[in-house]
Structure formats: C-alpha cells, structure tokens
Chemist: 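Handing you a structure now.
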Amino acid sequence: MKYGFVKVAAATPALRVADVRFNAKKIAEAIADADKAGVQLLVFPELSLCGYTCGDLFGQKVLLDDCLHALRSLAEETKGKKMLAFVGVPMRLGGVLYNCAAALNDGEVLAFIPKTHLPNYAEFYEKRNFQPYAGENAETVFFGRRVPFGNKIIFADEKEADFTVAAELCEDLWVPCPPSAAHAHAGANIIVNLSASDETTGKAEYRRLLVRSQSAKTVSGYVYADAGEGESSTDIVFSGHNLIAENGEILKESVLFQNGMIVSEIDAEKLSYERRRINTFYDGRDLAGYITISFKADSKGEDLMRPLARLPFVPQGGALDERAELILSIQAAGLKKRLAHTGAKTAVLGISGGLDSALALLVTVRAFESLGKARKDIVAVTMPCFGTTSKTYNNSVKLMRALGVTFKTVPIADTVRAHFKDIGHDENIKNAAYENAQARMRTMVLMDIANDTGGLVIGTGDLSELALGWATYNGDHMSMYGVNASVPKTLVKYLIAYEAARLGGEAEETLTDILHTEISPELLPPEGGKIVQKTEELVGPYELHDFYLYYAIRWGFAPKKVLFLAEKAFESGYDKEMLKKWLIRFYKRFFSQQFKRSCLPDGVKVGSVSLSPRGDWRMPSDACVESWLKELEE
C-alpha cells in the first residue's frame with residue numbers, strides 16, 4: 001500500500017491448549033492468508049503457540065522446547081513474504097521464564113519482547129509461571145543466532161520511514177503508564193498488543209475504550225489481537241476480541257466469540273504529521289536504551305478497506321443530532337459572549353435566502369435566547385439588487401417572519417447605479433466591479449444599520465468560502481463577528497436540516513426550500529426569473545472542495561495522496577480527470593486568496609479545521625503554489 005497506508009491484521013486462529021504443532025499449523029495458515037491479502041503487519045494473541053491457559057504446564061520442558069522448534073518453523077514460513085508478524089511464545093532467559101512476543105520477518109526471528117506487567121489478581125496468576133521484565137535490552141541465542149531480547153525495541157521498515165512498530169502484551173495496556181507511551185515517544189507509529197483478555201460482562205466495552213484511548217493519547221495505530229475459542233474454559237472463556245484503531249478511532253473490530261482475522265489499513269504518514277503538529281507530543285523524557293531493528297515489508301494491492309467518508313466534516317454513525325446540537329451551541333456561545341461583552345443592543349444580519357445567512361440567523365436566535373434578549377432586537381435585512389430572484393427574496397422574508405425577528409427590506413439597485421455613475425462604470429459591463437459593488441454596498445448598509453441601532457454585524461461566510469476566497473474583499477468578507485467561520489458548506493447543510501426538523505412549522509418548510517435552492521451569490525441578473533450564477537459550476541462542487549480542505553489542510557497530505565483518496569471516495573460520482581481539475585482549482589484558489597484570510601474578523605472555531613490567522617492557520621499571503629501543482633501534473 002502506498003501513500004503511507006500500512007495494511008495490518010489481527011488474527012485469532014483455532015487453538016488447542018498445549019498442542020503446539022496444531023497451533024503452529026493454524027498460525028502458518030493465517031500467515032499465508034494474510035500474505036494473499038497483502039498484509040504487511042500481522043499480530044497473533046498472547047502465548048498463541050501453546051495457549052495462554054496452560055497453567056503449570058509452562059514448567060514443562062517438553063512444552064517449552066516444542067514452542068521454540070515451532071517458532072523456528074513459523075519464522076521460515078515468513079521467508080519471502082515481506083511481512084512483520086508477532087507471535088506469542090514462552091521464552092527462557094537467565095534461568096527464568098518470560099511471556100514474550102516474537103517478531104518474525106523474512107525467515108528470521110528478529111527479536112523477543114517480554115511482557116512488562118504481569119497480572120496476579122482475580123482470575124490471573126501469571127507470576128506463578130512467569131517473571132516480569134523491566135531491565136535494559138539484552139540478547140538471547142535462538143538456534144545458534146544471537147537475537148535481541150527486551151522491551152525497548154522499535155521495528156522500522158527499510159523503505160517506508162513512517163512504518164515503525166513496537167509491541168506490548170495484554171496487561172501492559174491496562175496499567176496507568178503503559179509501555180506503549182514510551183514506545184510512541186521513541187518513534188513507534190504503530191503499537192501491537194498480543195493479548196489474552198478473558199470475557200466477562202461489560203469488559204468488551206472497557207477494552208474497546210482502552211484501545212481507543214491509548215491510540216489517541218499516543219497518536220498511534222493500535223493492533224490488538226486477543227485469545228479466543230480453543231483456550232481452556234475451566235474457569236473463564238475468551239472471545240477473540242480483536243481491534244484495529246488509529247488515533248482514537250476504531251477502524252475494524254471482530255465479532256465476539258468468532259475466531260478469525262480482521263484487516264484494515266493504518267495511515268502511518270497521517271500519524272507522523274499529527275505528531276509533528278502537536279508540539280507537546282514529545283515531552284523530553286530520557287529514551288536511552290531503545291534500539292531499532294529494520295525489517296522488509298511489502299503490499300500487493302491498493303484497495304482501501306478502511307472507511308472513507310465522502311463528507312469528512314459531517315458526523316457519521318449514531319448520535320448525529322447530538323453532534324449538531326453541540327456545534328450549534330458552540331456557535332451560539334461564541335456569539336453570546338461577544339454580544340454581552342460589547343453591550344450590543346442588536347444583532348444585524350444580511351439575509352439572502354441562501355444557506356449561510358440562514359444558519360447565521362438560526363445561531364443568532366439561539367444566542368439571543370441564551371441571553372434572555374427579545375428576538376425583535378435581531379435586525380435581519382434583505383437587500384435585493386440585480387441578481388435577486390423572487391424565490392430567494394420570498395424565502396428570506398418567510399424565514400424572518402417564522403423566527404419572529406425584525407426584518408427590513410433595503411433595495412440597493414439605485415444606490416449601486418449611482419455608485420457606478422460616480423466611478424464611471426458602465427452597468428452593461430458585468431465584470432468584478434459590477435458584482436463586488438453590490439456585495440460591498442450590502443456590507444455598508446449592514447454596518448450603518450448596526451451603528452444606527454447600537455448593534456453588531458454578524459458575519460455569514462463559511463469555512464469553504466474562506467478556503468476558496470469566494471468572498472468579496474471588504475464586502476461579505478467583513479463583519480463584526482463570524483459565526484460560520486469554521487463551518488464548511490457540507491456541514492452548513494447538515495446543521496440547517498437539523499434545525500429545520502427541530503423547529504418544525506413554517507420555519508421547517510422555508511429552511512427545507514432553502515436547502516434545495518441553487519447556491520449562488522446572485523450578483524448577475526437572472527434569466528426567466530431563475531438563478532444563472534451557480535457557484536459550484538464556477539469554483540467546483542463543495543463536496544469535493546470540503547474533502548480536499550480536510551485532507552490537504554487538516555492532515556497536510558500531498559496532492560497525489562489527496563487525489564488518490566478522492567478517487568476512492570468519489571469513484572461513483574467523478575472520474576479522475578474531473579477530480580484532478582477541481583483539485584488544481586482548489587490549490588490555486590487556496591494559495592492566491594490567503595490575503596483575505598489574513599485579515600478575517602473574529603469567529604468561533606467549532607471543529608478540527610479553522611483558517612483564522614490568530615489560531616490554526618498562519619500562512620504568508622504570497623506563498624507559491626508551484627510545487628503542489630507540479631506534483632499533480634506529474
């Protein structure tokens with residue numbers, strides 16, 4: 001897999017307690033299956049060669065010797081497969097026994113990683129048979145070859161710099177300071193956990209929470225392989241609860257009590273970027289003693305198995321209404337504070353009959369309710385001019401009435417014509433001056449009404465428009481507080497749909513009609529009463545631009561990777577040339593329009609992406625785009 005994706009798998013094969021030959025055969029079969037699937041990193045459960053529930057049989061030389069011989073055979077099974085595999089095995093060193101993970105690659109055992117924390121409570125009695133290991137790295141002899149032994153080991157792919165791995169075992173995850181924290185600081189982007197976690201009521205939920213949390217805290221991929229059916233059921237059972245997580249998100253999860261293998265991809269390049277971005281990730285602790293062992297890995301395919309949303313800014317899965325309510329509450333809380341601090345008597349908004357102004361008005365209503373202020377002090381203004389259609393004007397009026405705010409209609413066509421005369425512009429020349437004069441006139445009207453009523457002008461522009469520079473400088477680009485400043489267009493639609501359903505009645509009817517209205521600045525005259533200036537035909541589909549914004553800016557992906565992901569996400573809607581065309585447009589506009597973002601008014605951040613020059617995004621206005629375009633051309 002290219003572009004930083006590592007195909008990983010967690011496998012729980014069939015098992016017989018103390019039947020090492022049978023277990024090795026099933027592990028070998030799983031290795032072969034994983035190889036066919038292009039897996040680069042494969043993890044088996046704790047003590048998977050013999051079974052976790054062997055009890056005092058761990059003291060038997062026959063069992064231990066069988067495990068070593070079987071491990072050598074399994075290592076040979078990896079020859080030429082270009083896969084890093086971890087198998088659980090008991091290992092003797094210095095006269096004591098350790099619970100270990102053996103790392104196998106290209107026919108060799110690369111290292112043994114002993115378990116650090118041994119549970120000896122409730123149903124667990126590991127200290128009866130094993131010793132914990134907390135020393136520095138050492139060496140052991142494995143069939144005449146000296147092999148590293150210790151838990152300060154990073155495995156690094158010889159070709160892909162971001163493909164770095166470290167291991168911990170079961171209980172290591174459950175302690176206050178898991179070894180994986182130090183592993184991550186030492187450079188491991190992916191943590192594997194060989195586990196034998198028995199199943200009790202409610203434990204799966206807690207286990208899932210631990211894996212998610214540790215992957216988030218360590219900004220890592222986490223591959224958790226759990227013991228399953230076949231372990232002794234004398235007193236406990238194991239469910240084979242396998243999990244693959246990335247930076248707090250579960251990518252794949254097995255069905256409980258069904259042995260098998262789960263496969264997904266971890267984006268190691270993405271994890272490296274996030275660690276660089278978070279300047280508190282590395283805390284300066286002493287990481288002396290860590291060694292790095294190189295390995296060979298490869299992948300046979302480019303098909304992504306992990307989920308890839310077309311609309312990454314829109315909440316996925318359950319609790320969508322809860323997320324919408326949270327976002328709207330964040331927007332309203334930001335505006336509430338600004339209104340209270342300034343002592344504003346009114347809030348003034350321009351209402352166009354479009355998506356952004358509708359959302360801004362809904363947020364303003366919420367802020368006023370929170371302040372205990374009357375809705376009549378929200379002054380909503382519609383300013384029809386050359387491009388205004390009857391549909392958008394009527395929707396503006398209906399929405400303002402439904403929400404019970406004060407509304408004004410201020411026609412600006414005559415004023416704009418007088419302005420054209422003042423500057424010597426021919427109205428028949430419908431250039432940028434023709435369009436932007438209308439936008440700037442509307443802003444002046446709003447500012448003056450705000451001054452006249454002791455209020456603030458509430459900005460309506462959204463994050464997608466700011467990214468593309470799709471705003472008139474010192475026109476709709478300017479306000480006294482921008483409530484939509486970090487809300488992308490695809491999310492605007494989702495929030496309006498939520499509010500429509502919540503409000504019901506005439507407000508729902510009007511908002512639903514607004515959702516189905518063509519997106520347009522309405523700065524050119526309509527034809528036959530219909531909008532002719534369609535934003536998405538001019539700058540491109542917002543679903544694409546929001547996708548590009550998320551991966552190119554939030555995650556810093558290179559243009560080729562962004563295009564690769566877009567092909568996967570939009571394969572049923574756009575061909576590659578169309579995707580490339582709009583991605584080029586995105587980069588050109590994003591770079592050339594930074595000057596507008598460098599002087600944005602204040603506005604609340606609601607998600608992981610903001611382009612505020614005082615917050616998340618600081619970029620020179622004269623930065624060159626050539627390197628990004630060159631990569632796409634290649």
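Just so it is clear, the values below take in all heavy atoms, side chains as well, and ignore hydrogens, waters and symmetry mates. Counting begins at 1 with the first residue of the sequence.
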Chemist: For the residue pair V609 and F313, establish whether any side-chain heavy-atom pair is separated by less than 4.5 Å.
Modeler: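 Side chain of V609 against side chain of F313, heavy atoms only: contact under 4.5 Å found.
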Chemist: Under 3.5 Å, is there a donor on one side chain and an acceptor on the other for N151 and Y133?
Modeler: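 No donor-acceptor contact under 3.5 Å links the two side chains.
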Chemist: Give a yes or no answer on whether the side chain of N105 reaches the backbone of K296 with a donor-acceptor pair at less than 3.5 Å.
Modeler: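 Flag set: sc N105 to bb K296 pair under 3.5 Å.
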Chemist: Report the C-alpha separation of Y574 and W582 in whole Å, then their side-chain angles, then the decisive distance to 0.1 Å, and conclude whether the ring pair (Phe, Tyr, Trp, His ring centres under 6.0 Å) test is met.
Modeler: CA-CA 11 Å; Y574 303 89; W582 293 123; 9.0 Å; no
Chemist: Return yes if some donor-acceptor pair links the side-chain N/O of K596 with the main-chain N/O of G469 below 3.5 Å, else return no.
Modeler: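 Such a contact is found between K596 side chain and G469 backbone.
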Chemist: The test is side-chain contact (heavy atoms from CB on, under 4.5 Å); show your working for V43 and N193 and say whether it passes.
Modeler: CA-CA 8 Å; V43 188; N193 187 311; over 6 Å; no
Chemist: Any non-hydrogen side-chain atom of L49 less than 4.5 Å from a side-chain atom of L74?
Modeler: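 In short, these two side chains touch, coming nearer than 4.5 Å.
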Chemist: Would you say that I519 contacts E536 through its side chain, given a criterion of any heavy-atom pair below 4.5 Å between the two side chains?
Modeler: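 Yes. Closest side-chain heavy atoms under 4.5 Å.
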Chemist: Please identify which of these residues, F557, Y3, Y551, meets the ring-ring contact (aromatic ring centres under 6.0 Å, His included) condition with F564.
Modeler: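 Of F557, Y3, Y551, ring-ring contact (aromatic ring centres under 6.0 Å, His included) with F564 is met by Y3 alone.
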Chemist: Any non-hydrogen side-chain atom of R310 less than 4.5 Å from a side-chain atom of F547?
Modeler: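 Heavy-atom side-chain distance check fails, nothing below 4.5 Å.
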Chemist: Check the angle between the aromatic planes of F591 and Y587 and answer parallel, tilted or perpendicular using the 30° and 60° thresholds.
Modeler: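 Answer is tilted, since the angle falls between 30° and 60°.
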Chemist: Under the 3.5 angstrom rule, does the side chain of D157 hit a backbone N or O of A297 as a donor-acceptor pair?
Modeler: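 Yes.
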Chemist: Closer than 3.5 angstrom, by distance alone: can the side chain of K217 be matched with the main-chain N or O of A181 as a donor-acceptor pair?
Modeler: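 It does not hold such a pair.
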Chemist: Does N137 offer a backbone N or O that forms a donor-acceptor pair with the side chain of K152 under 3.5 Å?
Modeler: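 Checking the backbone N and O of N137 against the side chain of K152, no donor-acceptor pair under 3.5 Å is found.
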Chemist: Quick one: which of F155, F112, F44 gives a ring-ring contact (aromatic ring centres under 6.0 Å, His included) with F86?
Modeler: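 The ring-ring contact (aromatic ring centres under 6.0 Å, His included) with F86 is passed solely by F155 among F155, F112, F44.
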Chemist: To the nearest 0.5 angstrom, please state how far the CG atom of L308 sits from the CZ atom of R306.
Modeler: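 L308 atom CG to R306 atom CZ measures 7.5 Å (nearest 0.5 Å).
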Chemist: When you look at NZ of K588, are more than 12 heavy atoms from neighbouring residues, nucleotides or ligands closer to it than 6.0 Å?
Modeler: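 Incorrect, the count does not exceed 12.
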Chemist: Please determine whether salt bridge (charged side-chain N to carboxylate O under 4.0 Å, His left out) holds for the pair E205 and R208, giving the CA-CA distance in whole Å, both sets of side-chain angles, and the decisive distance to 0.1 Å.
Modeler: CA-CA 5 Å; E205 290 84 353; R208 186 183 303 112; 5.3 Å; no
Chemist: Should the ring pair W617 and F590 be called parallel, tilted or perpendicular, given that the plane angle runs from 0 to 90° and is split at 30 and 60?
Modeler: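 Geometry flag for F590 against W617: perpendicular rings.
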Chemist: Closest heavy-atom contact between H477 and C599?
Modeler: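 Here H477 and C599 meet closest at CE1-SG, 3.7 Å.
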Chemist: Would you say the side chain of F570 lies within less than 4.5 Å of the side chain of M578, judging by non-hydrogen atoms?
Modeler: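 Answer no - side chains too far apart.
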Chemist: Not counting sequence neighbours, which residues clear salt bridge (Lys or Arg N to Asp or Glu O under 4.0 Å) with K203? List them please.
Modeler: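 K203 satisfies salt bridge (Lys or Arg N to Asp or Glu O under 4.0 Å) with D198 only.
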Chemist: Roughly how far, to the nearest 0.5 Å, is the CG atom of L355 from the CG atom of D462?
Modeler: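 So the CG of D462 and the CG of L355 are separated by 8.5 Å.
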Chemist: Do we see a donor-acceptor contact under 3.5 Å between the side chains of Y224 and H241?
Modeler: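 There is no such pair between these side chains.
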Chemist: Taking it one step at a time, do R614 and D602 satisfy salt bridge (charged side-chain N to carboxylate O under 4.0 Å, His left out)?
Modeler: CA-CA 9 Å; R614 297 167 297 278; D602 293 351; 3.4 Å; yes
Chemist: How far does CG of D162 sit from CG of N189, to the nearest 0.5 angstrom?
Modeler: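 Between atom CG of D162 and atom CG of N189 there are 6.0 Å.
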Chemist: What closest approach, in Å, do S180 and Q214 show between heavy atoms, and which atom pair accounts for it?
Modeler: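 The pair with the smallest heavy-atom distance is OG-NE2, 2.9 Å.
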Chemist: Sequence neighbours excluded, which residues qualify as ring-ring contact (aromatic ring centres under 6.0 Å, His included) partners of Y481?
Modeler: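 ring-ring contact (aromatic ring centres under 6.0 Å, His included) list for Y481, sorted by chain: empty.
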Chemist: Begin from the C-alpha positions of R589 and H545 and carry the test side-chain contact (heavy atoms from CB on, under 4.5 Å) through to its verdict.
Modeler: CA-CA 11 Å; R589 291 196 66 94; H545 285 310; over 6 Å; no
Chemist: Using atom types as modelled and distance alone, determine if a side-chain donor or acceptor of E631 lies under 3.5 Å from a backbone N or O of K560.
Modeler: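 A pair under 3.5 Å: yes.
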Chemist: Where the side chain of Q40 meets the backbone of K7, is there a donor-acceptor pair that is under 3.5 Å apart?
Modeler: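 Answer holds: yes.
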Chemist: Would one find more than 12 heavy atoms of other residues, nucleotides or ligands at under 6.0 Å from atom CZ of F595?
Modeler: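 Yes - once you tally the heavy atoms of other residues, nucleotides and ligands closer than 6.0 Å, there are more than 12.
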Chemist: Can you give me the closest heavy-atom contact between S215 and G248, atom names plus distance?
Modeler: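 Where S215 meets G248 most closely, the heavy atoms are OG-N, 2.8 Å.
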Chemist: Hey, mind stepping through K81 and D35 against salt bridge (charged side-chain N to carboxylate O under 4.0 Å, His left out) and telling me if it holds?
Modeler: CA-CA 6 Å; K81 289 187 169 59; D35 181 54; 5.1 Å; no
Chemist: Looking only at non-hydrogen atoms, find the nearest pair between L47 and V89 and report the distance.
Modeler: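 In this case the closest contact between L47 and V89 is CD2-C, 3.7 Å.
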Chemist: Is it true that E158 and S294 share a donor-acceptor pair across their side chains at a distance under 3.5 Å?
Modeler: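 There is no such pair between these side chains.
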Chemist: Donor-acceptor pairs under 3.5 Å, side chain of residues 321-331 to any protein atom, not counting sequence neighbours: which ones?
Modeler:
residue, atom, partner, partner atom, Å
E325, OE1, R366, NH2, 3.0
E325, OE1, Y498, OH, 2.5
E325, OE2, R366, NH1, 2.9
E325, OE2, R366, NH2, 3.4
S329, OG, E325, O, 2.7
Q331, NE2, V483, O, 2.9
Q331, NE2, N484, OD1, 3.0

Chemist: Can you check whether P315 reaches L491 side chain to side chain, under 4.5 Å on heavy atoms?
Modeler: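 Touching, per the 4.5 Å side-chain cut-off.
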Chemist: Does the pair E274 and R554 meet the rule for a side-chain contact (heavy atoms from CB on, under 4.5 Å), with working shown?
Modeler: CA-CA 9 Å; E274 187 69 348; R554 168 60 183 93; 3.0 Å; yes
Chemist: Step by step, work out the salt bridge (charged side-chain N to carboxylate O under 4.0 Å, His left out) result for K561 and D267.
Modeler: CA-CA 11 Å; K561 184 170 182 177; D267 191 343; 2.8 Å; yes
Chemist: So, Q594 and S598: side-chain donor and acceptor under 3.5 Å apart, yes or no?
Modeler: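 There is such a pair between these side chains.
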Chemist: For side-chain contact (heavy atoms from CB on, under 4.5 Å), just list the numbers for L110 and L84, CA-CA rounded to whole Å, side-chain angles, deciding distance to a tenth of an Å, and then say yes or no.
Modeler: CA-CA 9 Å; L110 299 184; L84 179 63; 4.1 Å; yes
Chemist: What's the separation between atom CD1 in I113 and atom CG in L169, rounded to the nearest 0.5 Å?
Modeler: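 Output value for this atom pair is 8.0 Å.
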Chemist: Rounded to the nearest 0.5 Å, what separation is found between the CD atom of E46 and the OG atom of S197?
Modeler: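 Answer rounded to 0.5 Å: 9.5 Å.
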Chemist: Please check if the side chain of E543 supplies one atom and the backbone of L311 the other of a donor-acceptor pair under 3.5 Å.
Modeler: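 Not confirmed, E543 side chain does not pair with L311 backbone.
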Chemist: For F586 and W628, I'd like to know if the aromatic rings sit close, meaning centre-to-centre distance below 6.0 Å.
Modeler: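 No: the rings miss the under 6.0 Å criterion.
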Chemist: Of all the heavy-atom pairs spanning L194 and G88, show the shortest one and how long it is.
Modeler: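 Closest approach of L194 to G88, heavy atoms only: CD2-N, 3.5 Å.
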Chemist: Is there a donor-acceptor pair under 3.5 Å between the side chain of S486 and the backbone N or O of V606?
Modeler: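 Side chain of S486 to backbone of V606: a pair is present.
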Chemist: Has T12 got a side-chain atom pairing as donor or acceptor with G228's backbone, closer than 3.5 angstrom?
Modeler: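 Flag not set: sc T12 to bb G228 has no pair under 3.5 Å.
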Chemist: To the nearest 0.5 Å, what is the distance between CG (N242) and CD1 (I262)?
Modeler: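 Separation between the atoms: 5.0 Å.
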Chemist: What is the minimum heavy-atom distance between C100 and P114, and which atoms define it?
Modeler: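 The answer is SG-CA, 3.8 Å.
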